[in-house]
Amino acid sequence: MERWIADYLRHLEEHRRCSSATVRAYRDELNRLEAFARSRLKRAPRVTQDLTPELVTAYAAARSLERTDARRPIAARTLARSLAAVRSFLRFMERRGHPTATTRGALPRVSLPQTLPASISETALNGLLDELAGKIAADDTRSLRALAAVECLYGAGLRVGELAGLTRNRLDEGRHLVRVLGKGSRERVVPMSRRAVAEALLPGPSGKGVTARTLERDVTAILGRLGPSAATHAHALRHSFATHLLDRGADLRAVQELLGHRNLATTQIYTHVTRRRLKAAYARAHPRA
């Protein structure tokens, strides 16, 4: 089974052009399945003879009962990702001549709660950025880099990994545009604000690019100034970018293109956010609400 997993991961990298993070996540999930099968069978599992409906059903049940490091049950979204990796692997096997439809059909579907993306108040966020731009010392490199990261993530709707991977040849400073390499190696061109362009490339202490993890930590520190009720994770800036554009009347398909979403349905979730905000504003302000 290990050889087939390696072939499948190579397929994800070379043919589907998945990101390294995606490949790593699928590898972890399939290694978990292989370990479960090995423990249950008391030997190395064979593909596809040992991947029976009974085995994958037992695996799904065992996975659902696992606990996090904090002793909490694993989230429904985590379980859904785990089973999706198994399902995708089995589909890969079928395309190579090994029937797996019955086994795939035995995998349960996980019901996911509908969660709306967390966005930050436009007034509060812009007020914070303006305040910091005027008070951070010119020699405070770390703080300036963190502010630049927030400006880019919010100003262009970038993912943290996309920002960390920016290079000089992808930036058009004159036209305030940047070519972004997103998920699945899909490229898109997005506009950037003048302030974001000024600090779009973020060097680390050694002069090399800063890591996504470091950016996330720095951005969280800045957003923490907004108070305990505000979203402080870096991805909230991308959510805020989309939500604020739609609040101001931007076309949904234009926002889809700016975010680099493959499907419009992924972008449509932000329309629910703006409707919720509209209802809340109505309830607060209308004399007969």
Side-chain angles (χ1 to χ4, degrees), residues 1-115 117 159-162 164-165 182-186 211-217 233-235 262-263 266:
M1 185 171 171
E2 291 177 354
R3 180 176 68 84
W4 284 105
I5 291 175
D7 288 347
Y8 172 67
L9 297 176
R10 194 158 44 247
H11 167 75
L12 292 182
E13 286 182 317
E14 297 175 2
H15 298 282
R16 292 182 56 183
R17 303 184 71 181
C18 294
S19 69
S20 58
T22 298
V23 173
R24 185 166 57 250
Y26 273 67
R27 182 192 63 223
D28 292 345
E29 294 296 351
L30 293 174
N31 285 345
R32 192 177 280 114
L33 171 65
E34 195 273 341
F36 175 85
R38 183 184 292 271
S39 173
R40 191 177 178 90
L41 298 168
K42 310 302 181 187
R43 57 173 170 79
R46 297 166 299 177
V47 172
T48 58
Q49 301 95 309
D50 290 328
L51 296 182
T52 62
E54 293 76 19
L55 186 137
V56 298
T57 300
Y59 172 71
R63 188 81 171 99
S64 69
L65 295 174
E66 289 182 12
R67 298 269 171 169
T68 66
D69 293 340
R71 307 306 301 162
R72 297 191 183 96
I74 66 169
R77 200 168 297 278
T78 301
L79 178 60
R81 279 199 304 265
S82 180
L83 300 186
V86 176
R87 195 174 286 112
S88 178
F89 175 66
L90 292 171
R91 195 175 293 114
F92 170 80
M93 297 302 307
E94 177 141 323
R95 287 197 295 267
R96 277 146 183 78
H98 300 276
T100 62
T102 303
T103 302
R104 291 202 315 273
L107 283 167
R109 297 284 178 177
V110 181
S111 178
L112 295 177
Q114 179 67 26
T115 56
R159 300 178 179 93
V160 176
E162 293 170 346
K183 286 186 175 180
S185 297
R186 296 192 302 274
T211 65
R213 187 177 296 276
T214 297
L215 288 180
E216 287 175 344
R217 186 166 56 246
H233 54 89
H235 212 62
R262 187 190 295 271
N263 299 314
T266 308

Do [X] and [Y] have side chains that approach each other closer than 4.5 Å (heavy atoms only, starting at C-beta)?
X	Y	value
E54	R40	no
R81	T78	yes
V56	L83	no
S88	R16	yes
L79	R63	yes
E29	F89	no

Can a donor-acceptor pair be found, under 3.5 Å and without considering hydrogens, that links the side chain of [X] to the backbone of [Y]?
X	Y	result
T103	L51	yes
E94	A101	yes
S64	A61	yes

Please find the pair of heavy atoms, one from [X] and one from [Y], that lie closest to each other, and give the distance.
X	Y	answer
A234	V160	CB-CG2, 3.4 Å
L30	A85	CD2-O, 3.9 Å
R159	G182	NH1-CA, 4.3 Å
A212	A164	N-CB, 3.9 Å
L55	F36	O-CE2, 3.8 Å
Y59	V86	CE2-CG2, 4.0 Å

If you count heavy atoms of other groups shown closer than 6.0 angstrom to [atom1] of [X], is the number above 12?
X	atom1	value
R262	CZ	no
R213	CZ	no
R95	CZ	yes

Can you tell me how far the [atom1] atom of [X] sits from the [atom2] atom of [Y], to the nearest 0.5 Å?
X	Y	atom1	atom2	value
K183	T22	NZ	OG1	6.5 Å
M1	R46	CE	CZ	13.0 Å
R217	T211	CZ	OG1	7.0 Å
I5	M93	CD1	CE	10.0 Å
S20	L12	OG	CG	12.0 Å

How are the rings of Y8 and Y26 set relative to one another: parallel (under 30°), tilted (30 to 60°) or perpendicular (over 60°)? tilted
Hey, are R10 and E13 close enough for a salt bridge, meaning a charged N less than 4.0 Å from a carboxylate O? no
Verify side chain to side chain donor-acceptor pair (under 3.5 Å) between T100 and R104, making sure each step is shown before the conclusion. CA-CA 6 Å; T100 62; R104 291 202 315 273; 2.9 Å; yes
Apply salt bridge (Lys or Arg N to Asp or Glu O under 4.0 Å) to residues R96 and D7 and explain how you reach the verdict. CA-CA 11 Å; R96 277 146 183 78; D7 288 347; over 6 Å; no
